[in-house]
Every structure is written in structure tokens, then in C-alpha cells.
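Only heavy atoms go into these numbers, but all of them, side chains included; no hydrogens, no water, no symmetry mates.
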Amino acid sequence: HQEYWDRQEYTLYNIIDPHDSRPFAIGWYAVFPNDDVFCIAEYPDFQFHGAGVSRLKPSDYATIIRTTEAQIGKPSDVRIMDPHFGNSPKIGQLPVKEVLANEHSLYYIDGYNDVQGGHIKVQSLIGDASTGVRPKFYCFEHCFNHIFAISHYAFKQDASGKPELMHKD
């Protein structure tokens, strides 16, 4: 992957899961030509699990996004936002997706909106050592929130093979 990284031959995704009171969960992912995905940066830069109320505004998140992408060395190629909170108007405010677009020129598309399909995608990315399926998703060590989430991720399939939601967030 290093040679592709050095030549910037990867697609950089920025994905945001905005929240009403908790900090926004933000990740940056380099997707390489072989479809391996590396989580290369994240916000918050403190433990998200159990985080309290955040007082940050969309303008603060725009600064975090721009600063992180400057550190990475390129702007995101694709920006995706959770369709629920991202499109929900707040009291006296536009939805965060519109604020980031209108005031900060950060344009996001709606993310995948299918819980079962999402579980299937995560399952395919994390692989299964017991069946010889190698992982396709990796995290840099400093992306401790993603590491925590993936290491605590669990799913259970029902009789039809569909995943049952066991853990949320």
C-alpha cells in the first residue's frame, strides 16, 4: 500500500456521523485499488465511548475537517454523512449537512441507510479468520475509537442468515 500512498493513488473518504449532543464521529479512510480500506484519521481525538456533551458548532467541525485534511495532504474525494441527523433541522438552524455546504463549502452525500446491509458490509470488511477470509479494513494505531468500535463489534445471524443487531453505535 505504501507505493500507492506515496503516489496518492487512493480514494480518500470522509465520513461523518453527527450527533445532537455528543461529539460528531468523523473518520477519514484511504481506499486502495485492491479495495483495502485504512482508517487513517479520526475525530474525536479523545475516547468517544462514554463521551459527554459537546459544545462544538458546525464551524468548529469544519475547522477540524480542513485541518485534518491539510495534515493528510489532500482533501477528501468523497464526503458521506449519516442521513438521519445530517438532514434533520435543529431548533432555529438548518440541518448540519446544509450548514457545512452553505457556509464552509463542504459537500456531503447521504450515507447508506440500511442497517442489515451495513452489518453485511462490516462483516465482509473485518473478515473471518476461521474461514480464511482476510480482513479488508485496517486502522492506524492512533485511530483508537475505530479500533475500540471494531474490537467490540458483534453480530448474530438469524435462521435466514440476516444479521440481528446486537450492539449499537
Side-chain angles (χ1 to χ4, degrees), residues 1-19 22-49 51 54 56-87 94-115 117-129 131-153 169:
H1 297 102
Q2 186 66 51
E3 63 190 53
Y4 293 110
W5 177 265
D6 293 342
R7 293 191 307 256
Q8 291 195 353
E9 291 180 16
Y10 60 92
T11 303
L12 183 62
Y13 286 79
N14 169 227
I15 301 177
I16 296 184
D17 185 4
H19 297 92
R22 294 172 69 188
F24 288 12
I26 309 175
W28 286 265
Y29 311 89
V31 180
F32 290 91
N34 68 349
D35 290 329
D36 281 354
V37 179
F38 282 75
C39 178
I40 61 172
E42 68 177 12
Y43 180 87
D45 52 1
F46 52 86
Q47 188 181 42
F48 182 79
H49 180 72
S54 174
L56 297 182
K57 298 175 182 150
S59 60
D60 299 314
Y61 289 110
T63 299
I64 290 165
I65 292 163
R66 298 269 190 229
T67 300
T68 301
E69 291 176 0
Q71 292 168 345
I72 292 169
K74 83 180 244 182
S76 292
D77 300 301
V78 180
R79 299 184 188 281
I80 302 172
M81 186 175 292
D82 176 272
H84 298 289
F85 283 112
N87 292 314
L94 292 172
V96 69
K97 186 170 141 187
E98 289 184 41
V99 172
L100 289 174
N102 297 343
E103 297 177 17
H104 305 284
S105 298
L106 294 169
Y107 302 97
Y108 288 83
I109 60 173
D110 287 342
Y112 202 50
N113 193 17
D114 175 9
V115 172
H119 278 286
I120 291 167
K121 184 64 176 171
V122 170
Q123 182 181 5
S124 72
L125 287 171
I126 62 176
D128 184 354
T131 61
V133 177
R134 79 169 184 85
K136 301 283 290 168
F137 183 80
Y138 305 90
C139 295
F140 283 11
E141 287 182 6
H142 62 268
C143 298
F144 51 84
N145 287 305
H146 281 78
I147 293 168
F148 179 87
I150 290 296
S151 64
H152 289 82
Y153 178 79
D169 240 28

Partners passing ring pair (Phe, Tyr, Trp, His ring centres under 6.0 Å) against [X] (at least two apart in sequence or in another chain):
X    : value
Y29  : H146
H142 : F140
Y4   : none
Y10  : W5, F32

Side-chain donor/acceptor of D110 to backbone N/O of I80, under 3.5 Å: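 No, the answer is negative, given that no donor and acceptor are paired below the 3.5 Å cut-off.
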How would you list, by chain and number, every residue that makes a side-chain hydrogen bond (donor to acceptor under 3.5 Å, both in side chains) with [X], sequence neighbours excluded?
X   : result
D77 : K74
R7  : E9
H84 : N113

Any residue meeting side chain to side chain contact (heavy atoms under 4.5 Å, CB included) with V122, in chain and number order, not counting sequence neighbours: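 In terms of side chain to side chain contact (heavy atoms under 4.5 Å, CB included), with neighbours along the sequence ignored, V122 is linked to I126, Y153.
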For L125, all residues meeting side chain to side chain contact (heavy atoms under 4.5 Å, CB included), sequence neighbours excluded: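 Listed in chain order: V37, K121, K136, F137.
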All salt bridge (Lys or Arg N to Asp or Glu O under 4.0 Å) counterparts of E98, not counting sequence neighbours: none
For D82, salt bridge (Lys or Arg N to Asp or Glu O under 4.0 Å) partners two or more places apart: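 Per chain and number, D82 pairs via salt bridge (Lys or Arg N to Asp or Glu O under 4.0 Å) with no residue.
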Only pairs under 3.5 Å count here: list side-chain donor-acceptor contacts from residues 60-72, not counting sequence neighbours, and write none if there are none.
{"residue": "D60", "atom": "OD2", "partner": "K57", "partner atom": "N", "Å": "2.8"}
{"residue": "Y61", "atom": "OH", "partner": "F24", "partner atom": "N", "Å": "3.1"}
{"residue": "Y61", "atom": "OH", "partner": "S54", "partner atom": "OG", "Å": "3.3"}
{"residue": "T63", "atom": "OG1", "partner": "S59", "partner atom": "O", "Å": "3.2"}
{"residue": "R66", "atom": "NH2", "partner": "H104", "partner atom": "O", "Å": "2.4"}
{"residue": "T67", "atom": "OG1", "partner": "T63", "partner atom": "O", "Å": "2.8"}
{"residue": "T68", "atom": "OG1", "partner": "I64", "partner atom": "O", "Å": "2.8"}
{"residue": "E69", "atom": "OE1", "partner": "S76", "partner atom": "N", "Å": "3.4"}
{"residue": "E69", "atom": "OE1", "partner": "R79", "partner atom": "NH2", "Å": "2.8"}
{"residue": "E69", "atom": "OE2", "partner": "W28", "partner atom": "NE1", "Å": "3.0"}
{"residue": "E69", "atom": "OE2", "partner": "S76", "partner atom": "OG", "Å": "2.6"}
{"residue": "E69", "atom": "OE2", "partner": "R79", "partner atom": "NH1", "Å": "2.8"}
{"residue": "E69", "atom": "OE2", "partner": "R79", "partner atom": "NH2", "Å": "3.4"}

Salt bridge present between R134 and D36 (N-O < 4.0 angstrom):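 Yes.
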